[in-house]
Amino acid sequence: MTQCVECGADLSLHDDLEAGEIVDCTTCGAELEVIDTEPPVLERAPELEEDWGE
Amino acid sequence: MSVHIGILYSRIRRDEKLLLTELRERGHEVTKIDVRKETFDISEASETFADLDLVVDRCLATSRSLYATKFCDAYGVPVVNSNETADICADKVKNSLALEAAGVPTPATKVAFTKESALEAIESFGYPCVLKPVVGSWGRLMAKVDSRSAAEAILEHKATLGHYEHKVFYVQEFVDKPGRDIRVLAVDGEPIAAMARSSEHWLTNAAKGAETAAFDLDEEALDLVQKASDAVGGGLLGVDLMEAGDSYTVHEVNHTVEFKALDDAVDVDVPGAVVDWLEAQADAGTDDHELEVTA
């Protein structure tokens, strides 16, 4: 079981996890970036930058 | 025919995930290129870029998108969208100039470099009018200016607290749209699908929580989408229109367009249609390369 790096809660991750994807911790609400998928490694996601968008 | 596609990214949004799934299900080889981990050498491409038929720029950060696509050009790797298109679409001033030059109806816009001249521009439009950052997305830092005192405060904040780009004041007439605008996803001007984005707020970006619904484009809108796409150099684009009276005005064209909200709103298989177009681009690039080798 992967744990939230912010609050330590157990995370339920979906099967088609993709490196670079963001998942939300349902316990504390932290945005976590998927760094690796096998096994899942998560880090706190970068803060929003001003030039992000479409 | 299977192709090898590189995806430039720094974050995999649902849009990128839809693309990745579609590409892989069709048997294409996909190389994810996290631009945060890359170094770009001016004289030669890294191994990452070897054997790619096409690179798709899905960078979340505009600055990275502009440089990464420039390097793809230097490495001779076909990239969509092109650096030229990205350069125009990334900047609202260039975007507006391109639309105006192409004769595409676009909101009246003035640019000023000082608070004083910006205030003159604002007063020339009257109230309300709109102040936008020249680089930015998702409706962030947009200001509907309702009075001179609000204008003075916003301009001072931008000049004092902002990045230097905030001292390029982009002032636009306020278009009294009917509570919605229209997003068209198009490939080289050919629409894949369109949706209306509705909100009681003056900003109707999907990222701001606007409600979305499929929208049928009439002949005039189809023509404007084609012209707007051509004006910025074509590619996979999000063309934004507002209904203005019995006509339309095009306020911007987006070059790393998100389409998850559109995919949810319409019956069209949006990622499927995007990948159809990417396959055609990759095939065209491969054909060009073969011709060069033969010659």
Side-chain angles (χ1 to χ4, degrees), chain A, chain B residues 7-21 24 30 32-37 57-66 81 89-92 133-141 162-163 165-166 183 185 205-207 236-238 240 252-261:
Chain A
M1 181 64 80
T2 308
Q3 292 174 330
C4 173
V5 294
E6 187 75 23
C7 73
D10 287 339
L11 294 169
S12 171
L13 300 171
H14 46 86
D15 294 335
D16 62 341
L17 212 56
E18 194 76 55
E21 190 178 354
I22 303 299
V23 295
D24 294 329
C25 173
T26 52
T27 303
C28 71
E31 287 195 328
L32 306 169
E33 179 177 349
V34 179
I35 304 300
D36 210 339
T37 56
E38 295 196 5
V41 177
L42 305 176
E43 285 182 2
R44 202 170 296 125
E47 292 291 321
L48 176 74
E49 298 274 359
E50 198 178 313
D51 70 336
W52 286 10
E54 56 171 344
Chain B
I7 307 277
L8 296 170
Y9 80 100
S10 59
R11 174 171 288 194
I12 299 293
R13 295 164 284 186
R14 190 150 71 86
D15 314 84
E16 284 73 43
K17 208 157 178 180
L18 289 165
L19 273 185
L20 289 167
T21 302
R24 288 169 179 155
V30 180
K32 286 165 63 185
I33 306 170
D34 185 343
V35 294
R36 296 170 300 176
K37 296 178 179 169
D57 170 29
R58 297 296 305 173
C59 287
L60 189 60
T62 303
S63 50
R64 293 169 180 166
S65 164
L66 292 172
N81 288 313
C89 294
D91 184 307
K92 285 189 171 60
V134 288
V135 174
S137 199
W138 302 331
R140 286 172 300 148
L141 298 174
H163 180 266
E165 280 174 341
H166 291 291
R183 158 60 60 87
L185 179 69
N205 304 67
L236 170 63
L237 299 168
D240 291 345
E252 69 175 348
V253 184
N254 299 277
H255 76 287
T256 50
V257 56
E258 294 172 333
F259 49 80
K260 54 185 175 287

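Below, read A as the first sequence line, B as the second, and so on, with proteins coming before strands; counting in each chain starts at 1. Below, all heavy atoms of this structure are taken into account, side chains as well, without hydrogens, waters or symmetry copies. These numbers come from a predicted model, not from an experiment.
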Distance (rounded to the nearest 0.5 Å) between B:His163 NE2 and A:Glu50 CD
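Spacing of NE2 (B:His163) from CD (A:Glu50) equals 7.0 Å.
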Working to the nearest 0.5 Å, report the span between CH2 of A:Trp52 and SG of B:Cys59.
12.0 Å
Under 4.5 Å from any heavy atom of chain B - which part of A:Leu48
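Contact with chain B is through the side chain of A:Leu48 alone.
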So, for [X] and [Y], which heavy atoms are closest and what is the spacing to 0.1 Å?
| X | Y | result |
| --- | --- | --- |
| A:Gly53 | B:Ser137 | CA-CB, 3.3 Å |
| A:Glu54 | B:Trp138 | N-NE1, 4.2 Å |
| A:Ala19 | B:Ile12 | O-CG1, 3.2 Å |
| B:Thr62 | A:Asp51 | OG1-O, 2.8 Å |

Evaluate the side-chain proximity of A:Glu18 to B:Glu16: yes if any heavy-atom separation is below 4.5 Å, no if none is.
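Answer no - side chains too far apart.
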Do B:Arg64 and A:Glu49 have side-chain heavy atoms sitting under 4.5 Å apart?
no
[X] portion near chain A, given a 4.5 angstrom heavy-atom threshold:
| X | value |
| --- | --- |
| B:Arg140 | side chain |
| B:Arg36 | side chain |
| B:Arg14 | neither |

